[in-house]
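Just below is one structure, and these are the notes that go with it.
Quick note: numbers below take in every heavy atom, side chains included, and nothing from hydrogens, waters or symmetry partners.
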Number of protein chains: 2
Amino acid sequence: MKKAGTCDLNTCFLCQYSIPEWIAAVSDHRQHLFYKKNETIFQEGSPVKGIFFLYDGKVKVHKQWGAEKELIVRFAQKGDILGHRGLGSGDRLYTVSATALEDTTVCYTELSFFEASLKVNPSLALKLMQFYADELQEAERKMRNLVHMDVKGRLADALLELSRLHKALHFTISRQDLAAFAGTTYETIYRNLQEFIAEKLITAEGRAITILNEKKLRRYIVGG
Amino acid sequence: MKKAGTCDLNTCFLCQYSIPEWIAAVSDHRQHLFYKKNETIFQEGSPVKGIFFLYDGKVKVHKQWGAEKELIVRFAQKGDILGHRGLGSGDRLYTVSATALEDTTVCYTELSFFEASLKVNPSLALKLMQFYADELQEAERKMRNLVHMDVKGRLADALLELSRLHKALHFTISRQDLAAFAGTTYETIYRNLQEFIAEKLITAEGRAITILNEKKLRRYIVGG
DNA sequence: CGATCACTTGAGTTTAGTCAAAGCGGGTGG
DNA sequence: CCACCCGCTTTGACTAAACTCAAGTGATCG
């Protein structure tokens, strides 16, 4: 990780919702940090120091289980907030890790300054609240899927979500990460991807995946 | 559901965090509603009209899957907020249902008034944000458990959480609900409960469950 | 007294997780 | 240049957890 220049005011959450009186303070308190591919931005269990806004790059947010296993909770895109799970009422420890999937630039703010911003700026707090509400809904939808859908359905859901995130039918992801995102194992993902390829719903060349038939893919998500 | 009297100012979230100028308005805009056991408070998929605060009773918050299957997302206790998932940025539809587990009184507020309160009262918004952050953490922890823990571990976790919610080692819950909470089926829960009983970690008389050995129960939650 | 409903138990099936091994570049250093 | 090693992919075989189905049991209620 190394430091870099400053952030244009309209990319991140914090800046977009800054009230005029506060813009100067925001400029003073934020800094740009640069992370290389595969570098850890923060680690589950370590104390929360600050909040990150993703300025450029891709980041996975994941929870560990034992040494080997993980669950990817979310992929963050440009403009997204990172580290906000630390704002709860419990211990100030990260409950997830964040790892750069490509070279990534973030806009970083000390926790204390961010909390001060929230107090001073109700519309920021409101916006953040809304963001949480959305994340919570999504998390609960995923929980239901994990319980009631089979792996193939979850994989279809994961692929469609990735496509939505990238705003394209084509994107890149390792099978390992796909497995951790769909909540299953490498081999199972491998076999199910093969099936989707055989059905001509997708193509895959290494990590590059293209969705060919979104509609049929979506059928796997229905269930009862 | 029928209407009832008014709410003492200190039970719910909304009232506790009311700023002085707003208390009169809060009094005008809230009302008490009474729900009988098993009555639906709101239904997944229907439009969000307002926010509820649980004044007395127990409520399950659940997501449906097909006709038969459900997942219980959370049990609400006195003072808890209900319906807050509707505050996200998407459609204003409930993404979960809420059903009274016993006779229940709630303090109800129109959505528009609640949103106005949030704008006027930053500490309410902040408090709610923190609440969401906690819920999100918990939801993500549960997701990880669903993926990586076996049923016995999830049941142990569910039992301990219920005990924590009731602030007692003794509580009452149907096996059906226990299954929906742990993300599994009736029969599987039944068999695993038998095992816990055989190991003298709990007792169960019908729906009444008592935890005998919290420490050993907790061991089932560890995993890797 | 029959019907209904939840509880209890057994048996069979299935999905997906585990383990193991072979294949396949691609890069590195001898 | 070749041999080797590493990491990822591919595939097969086995295993086990837990879901499903089905049927028996017992209690309750009209």
| Parallel, tilted or perpendicular: rings of A:F75 and A:F181 (30°, 60°) | perpendicular
| request: Please determine, by modelled atom types, if B:T210 and B:H170 share a side-chain donor-acceptor pair under 3.5 angstrom. | output: yes
| message | Testing the 3.5 Å rule here: is there a donor-acceptor pair between the side chains of A:E199 and A:Y220? | response | yes
| Listed partners of B:T188 passing side chain to side chain contact (heavy atoms under 4.5 Å, CB included), at least two apart | B:V151, B:T184, B:T185, B:N192
| Got a sec, which residues hit side chain to side chain contact (heavy atoms under 4.5 Å, CB included) with B:I211, two or more places apart in sequence or on another chain? | B:L159, B:L160, B:S163, B:L169, B:F171, B:I202, B:E214, B:L217
| Among D:dA18, D:dT10, D:dT20, which nucleotide sits nearest the side chain of B:T185? | D:dT20
| Sugar-phosphate only, base, or nothing, as touched by A:E187 at under 4.0 Å among non-hydrogen atoms | base
| message | Measuring to OP1 and OP2 of D:dC19, would you say a side-chain N or O of B:T184 lies under 4.0 angstrom away? | response | yes
| request: Report yes if a side-chain nitrogen or oxygen of B:K69 is closer than 4.0 Å to either non-bridging phosphate oxygen (OP1 or OP2) of D:dT20; otherwise report no. | output: yes
| message | Has A:R207 got a side-chain atom pairing as donor or acceptor with A:I173's backbone, closer than 3.5 angstrom? | response | no
| field | Sequence neighbours excluded - salt bridge (charged side-chain N to carboxylate O under 4.0 Å, His left out) pairs with any residue from residues 171-196 of chain A | value | A:K60-A:D177, A:K152-A:E195
| request: Could you list all the salt bridge (charged side-chain N to carboxylate O under 4.0 Å, His left out) pairs where at least one residue sits in residues 129-138 of chain B, not counting sequence neighbours? | output: B:R74-B:E135, B:R85-B:E135, B:E138-B:R141, B:E138-B:K142
| task | Specify the residues of residues 189-212 of chain B, ordered by number, for which at least one heavy atom lies under 4.0 angstrom from an atom of DNA chain D. | result | B:R191
| Going 5' to 3' along DNA chain C, which nucleotides are the first and last within contact of chain B (any atom under 4.0 Å from a heavy atom)? | C:dC7 to C:dA11
| request: Can you tell me the distance, in whole Å, between the CG atom of B:L155 and the P atom of D:dA17? | output: 16 Å
| task | Starting from P on D:dC19, measure out to CD on B:Q176 and report it in whole angstrom. | result | 13 Å
